[in-house]
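Everything below concerns the one structure shown next.
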Amino acid sequence: MTADASTESLIGILASLRDRVMGVAESVLSTVDGLLVVADVDKVHPESVAALAAATLGVSRRMADQSGAGALREVVVRCGAGHVIVVAVGERTLLTVMGDDGLDLAAFQRESPATVEQLNKVLAADVAH
């Protein structure tokens, strides 16, 4: 798969999540180091979101370890006008989703495993070539 094809595939997966889950507004795929991979955004600065997602993951993993609550699955931040969710996509990538106040969290949690699986497949194919 070419770099352009994998980028288009990744953006298509992010757009599909936005279409399937009410309230998903924007999303960013980044590395755990905070580097941008791709983004489906209109308003946010994707490089800043990527960097903050990496920091969020690091602090949240420490909190999960210290609390003894098990392995971290996702971080959900409720804000005055919406939500920010950070989900690990394998060991090296993060999906950050920004949603409005009407974000359907149950639908997101139902749809996110399939989205993560699709992202992992495209990323793995890109690395294999």
Side-chain angles (χ1 to χ4, degrees):
M1 183 176 293
T2 67
D4 287 342
S6 66
T7 297
E8 287 179 28
S9 294
L10 293 169
I11 291 172
I13 294 166
L14 299 182
S16 175
L17 179 65
R18 181 176 19 90
D19 293 342
R20 290 189 329 269
V21 179
M22 185 177 72
V24 169
E26 301 178 293
S27 54
V28 173
L29 187 66
S30 60
T31 67
V32 294
D33 306 8
L35 301 174
L36 179 64
V37 176
V38 296
D40 177 33
V41 298
D42 290 322
K43 297 178 183 171
V44 300
H45 186 259
E47 288 85 359
S48 296
V49 171
L52 290 167
T56 299
L57 179 74
V59 170
S60 299
R61 279 187 173 161
R62 286 181 136 177
M63 179 64 81
D65 288 344
Q66 287 298 312
S67 69
L72 179 69
R73 293 188 309 180
E74 67 186 23
V75 179
V76 179
V77 180
R78 285 182 55 184
C79 307
H83 299 80
V84 179
I85 305 169
V86 180
V87 180
V89 178
E91 294 293 317
R92 302 183 50 133
T93 316
L94 302 173
L95 171 62
T96 305
V97 174
M98 282 108 348
D100 60 30
D101 202 30
L103 176 66
D104 186 343
L105 283 170
F108 176 81
Q109 290 174 335
R110 198 172 46 250
E111 294 291 332
S112 63
T115 299
V116 166
E117 184 178 330
Q118 291 174 323
L119 292 168
N120 269 324
K121 284 181 183 177
V122 173
L123 292 167
D126 193 40
V127 170
H129 290 98

Heavy-atom side-chain contact between Leu14 and Leu10 under 4.5 Å: no
[X] with [Y], same ILVMFWY side-chain cluster at under 4.5 Å:
{"X": "Leu36", "Y": "Leu119", "answer": "no"}
{"X": "Val77", "Y": "Leu17", "answer": "no"}
{"X": "Leu57", "Y": "Leu123", "answer": "no"}
{"X": "Ile13", "Y": "Val28", "answer": "no"}
{"X": "Val44", "Y": "Leu35", "answer": "no"}

Rounded distance (nearest 0.5 Å) linking atom OG1 of Thr115 with atom CD of Glu117: 10.0 Å
Pairs touching residues 31-41 that satisfy side chain to side chain donor-acceptor pair (under 3.5 Å), sequence neighbours left out: Arg18-Asp40
List the atom of [X], the atom of [Y], and the distance in Å for their closest heavy-atom pair.
{"X": "Pro113", "Y": "Gln109", "value": "CD-O, 3.2 Å"}
{"X": "Leu72", "Y": "Ser60", "value": "CD2-CB, 3.8 Å"}
{"X": "Phe108", "Y": "Val21", "value": "N-CG1, 3.8 Å"}
{"X": "Val122", "Y": "Ser6", "value": "CG1-O, 3.8 Å"}

Which residues share a salt bridge (Lys or Arg N to Asp or Glu O under 4.0 Å) with Glu74, sequence neighbours left out: none
For Glu47, all residues meeting salt bridge (Lys or Arg N to Asp or Glu O under 4.0 Å), sequence neighbours excluded: none
ILVMFWY cluster membership beyond Leu52 - transitive side-chain contacts under 4.5 angstrom: none
Under 3.5 Å, which donor-acceptor pairs do the side chains of residues 64-71 form with other protein atoms, sequence neighbours left out?
from	atom 1	to	atom 2	distance (Å)
Ser67	OG	Met63	O	3.1
Ser67	OG	Ala64	O	3.1
Ser67	OG	Ala69	N	3.3

Tell me which donor-acceptor pairs under 3.5 Å the side chains of residues 84-101 have, and how far apart each pair is, sequence neighbours excluded?
from	atom 1	to	atom 2	distance (Å)
Asp100	OD1	Gly102	N	2.9
Asp100	OD1	Leu103	N	3.3

Verdict with supporting geometry, Val49 and Glu26, side-chain contact (heavy atoms from CB on, under 4.5 Å): CA-CA 11 Å; Val49 171; Glu26 301 178 293; over 6 Å; no
